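These notes concern the structure reproduced below.
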2 protein chains.
Amino acid sequence: MKALVLPALERPEGMTTHDYAFARLRQAIMVGAFRPGTSVTIRGLAEALESSPTPVREALRQLTSIGALHFLENRRIVVPRITPARFEELISLRIVLESHAARRAVAHLSDRQIDRIVAIDEAIEAAILAGRKAAALIANQDFHRQIYMANPDQIAMPLIESVWLQLGPILGIAMEHVAELYVVDRHREAIDALRRRDEDAVAEAIGADIREGIGGFDQQAIAKLLSLAG
Amino acid sequence: MKALVLPALERPEGMTTHDYAFARLRQAIMVGAFRPGTSVTIRGLAEALESSPTPVREALRQLTSIGALHFLENRRIVVPRITPARFEELISLRIVLESHAARRAVAHLSDRQIDRIVAIDEAIEAAILAGRKAAALIANQDFHRQIYMANPDQIAMPLIESVWLQLGPILGIAMEHVAELYVVDRHREAIDALRRRDEDAVAEAIGADIREGIGGFDQQAIAKLLSLAG
DNA sequence: TTTGTAAAAATATGATCACAAAATAAGAAT
DNA sequence: ATTCTTATTTTGTGATCATATTTTTACAAA
């Protein structure tokens, strides 16, 4: 049993052990730290997190509720495997959910907020140029999140993050096998549409961004990645 | 502290205490057994379920992950309140998610499966005529679920159920204040479209079903319901 | 080598308990 | 009566432990 290492994460003062375990495990999955098919144990993670089974088990149960992990009938806990068909489903769900969320956020975005989103986009490009893959991924998610969250009554964000989590493990593999990031994104187009408050154009740009970005790997490349993940 | 009663639910042999607690609480929320704003306690539910805090807390944590409950900063656990704006967001999300899920299920539905869906639709009408509101609600959900689940690689169902759960408490209130159910549904139209394997028509019918069904209460009626829920 | 069986180890589960935080109740001061 | 303070009760949190299930290992039989 090799010792388990999780990506570091700051623990704010006053945060409960459970909340910290959940946040840290969630981030680990989100950035692809676990490979598909990996099995984890409650005790093992409790040790890695320097706590006890109880709060860890609660965190794991939550993660299964949002599709990030699977409890098998055996009571084994595994990182879900992804088939090409499942991958395609996830991407199409992203497109539907996020173009919808983007459209409904447009009316609530102030110029100030758009400026901040532009700054995030610049951070993404800087991270890509520096080869900081995980940082680029996080910043890219933040770009999308800042748009969708502008809608104060927004409901979709947790669902979208659930899809992101389910894509996490495959992203991890993709990052391993892609030497340099040449991310094609439509962020500029989305920003221009936001500035014009053009809801249709925003929805279209976000949809295209997803389709041509992570979802844009051709089927052959995906199949190869997924076979490596087996 | 009045004793808490939960809708009954059969417990399959071999089901863990945690799974049972989750299933029962989930169903209770889904059929509107809890009013918005209600606060629950771990110990109280453990007593009602004749178990201990540990498995109940795990179930509650899962339910918060899918938006069915809220852990406040106070550490109090409450059934979320719903504003008119939130309600509208939920309905629009249902439309987007479910018409998408329905469209992608069409190609996988066999004639046999469609026959079963027709049978469910008849069960819905029977329940409505008999005034069995909760049964009608459950059957209606089953109608939708059977369609979406026909897609074997389907990912959206858990997200859709999350939205259903968030609508549960308002449905409970609606059921209390509507003497007789006169549910307008587009199920026949959806079934006809399924038989023709017409994806666009199926998506359209499902969208209309949601829009004109639960979502079809006019804004004034919703506002009244929501004020009662406060 | 392969297959089947039994012992051992590892693991998930759920109840319990000590502790901390929060809410409630009770009483005093204004 | 109202407000503030204090004491009591209630409640969430997290560690621990006994138990049951599962997995792994060890070993015998084919």
Side-chain angles (χ1 to χ4, degrees), chain A residues 1-6 9 11-26 29 34 37-66 68-81, chain B residues 1-6 9 11-26 28-29 34 37-81:
Chain A
M1 180 58 67
K2 56 195 167 191
L4 192 49
V5 269
L6 295 166
L9 184 65
R11 177 169 181 170
E13 186 182 5
M15 183 181 236
T16 64
T17 303
H18 155 264
D19 278 327
Y20 178 63
F22 177 74
R24 193 143 167 221
L25 290 171
R26 184 185 133 91
I29 296 169
F34 292 137
T38 305
S39 70
V40 297
T41 63
I42 296 171
R43 282 171 156 86
L45 290 173
E47 192 176 349
L49 291 163
E50 295 176 313
S51 68
S52 68
T54 307
V56 170
R57 196 164 69 211
E58 289 169 25
L60 293 176
R61 287 250 141 83
Q62 285 186 266
L63 288 165
T64 63
S65 272
I66 53 184
L69 292 175
H70 264 40
F71 270 71
L72 304 178
E73 332 69 44
N74 329 349
R75 301 181 167 178
R76 266 275 163 92
I77 307 159
V78 299
V79 180
R81 294 177 188 279
Chain B
M1 180 60 65
K2 53 194 167 191
L4 192 47
V5 271
L6 295 166
L9 183 64
R11 176 170 182 171
E13 185 183 5
M15 183 181 235
T16 65
T17 304
H18 155 266
D19 279 326
Y20 179 63
F22 177 74
R24 194 148 167 215
L25 290 171
R26 183 186 134 91
I29 295 169
F34 293 137
T38 304
S39 69
V40 297
T41 64
I42 295 171
R43 283 173 161 88
L45 290 173
E47 193 176 350
L49 292 164
E50 294 176 311
S51 67
S52 67
T54 307
V56 171
R57 197 165 69 209
E58 289 168 25
L60 293 175
R61 287 251 141 82
Q62 285 187 266
L63 288 165
T64 62
S65 272
I66 54 184
L69 292 174
H70 264 42
F71 271 69
L72 304 178
E73 331 70 46
N74 329 349
R75 301 182 167 179
R76 265 275 162 93
I77 307 158
V78 298
V79 180
R81 294 177 187 280

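Only this structure's heavy atoms are used, side chains among them; waters, hydrogens and symmetry mates stay out. Just so it is clear: chains get the letters A, B, ... in the order the sequence lines come, proteins before strands, and each one is counted from 1. Bear in mind that the values here come from a model prediction, so they are computed numbers and not experimental data.
A straight line from CZ of A:Phe71 to P of C:dT11 spans 14 Å, rounded to a whole angstrom. At whole-Å resolution of the value, CD in A:Glu58 and P in C:dT13 are 13 Å apart. As a whole-Å value, the separation of B:Tyr20 OH from C:dG14 C1' is 16 Å. For the pair A:Leu60 CG and C:dT11 P, the interatomic distance rounds to 14 Å; values are reported in whole Å. B:Leu72 places its CG atom 14 Å from the C1' atom of D:dT11, with the value rounded to the nearest Å. Between the C1' atom of C:dA10 and the CD1 atom of A:Ile77 lies a distance of 13 Å, rounded to the nearest Å. Whole-Å rounding puts the A:Gln62 CD to D:dT13 P distance at 11 Å. In this structure, CG of A:Leu4 is placed 12 Å from P of C:dT11, rounded to the nearest angstrom.
Residue side chain B:Arg57 reaches the base of D:dG14 through a donor-acceptor N/O pair under 3.5 Å, judged by distance alone.
At distances below 3.5 Å, not a single donor-acceptor pair connects side-chain atoms of A:Tyr20 with backbone N or O atoms of A:Pro12.
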Can you give me the N/O atom pairs linking the protein to nucleotides 16-23 of chain C at distances under 3.5 Å, or say none if there are none?
residue	atom	partner	partner atom	Å
C:dT16	O4	B:Thr54	OG1	3.2

Residues A:Val40, A:Val78; criterion side-chain contact (heavy atoms from CB on, under 4.5 Å); working and verdict: CA-CA 6 Å; A:Val40 297; A:Val78 299; over 6 Å; no
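One finds a side-chain N or O of B:Arg61 lying less than 4.0 angstrom from the OP1 or OP2 phosphate oxygen of D:dT13.
Both tests hold for B:Arg61 against B:Phe71: distance to the six-membered ring centre under 6.0 Å, angle to the ring axis within 45°.
Annotation: side chain of B:Ile77 is not in contact with side chain of B:Thr41 (no heavy-atom distance under 4.5 Å).
Between B:Ser65 and A:Gln62, the shortest heavy-atom contact is OG-NE2, 2.9 Å.
Under the side-chain hydrogen bond (donor to acceptor under 3.5 Å, both in side chains) criterion, A:Ser51 pairs with no residue at all, not counting sequence neighbours.
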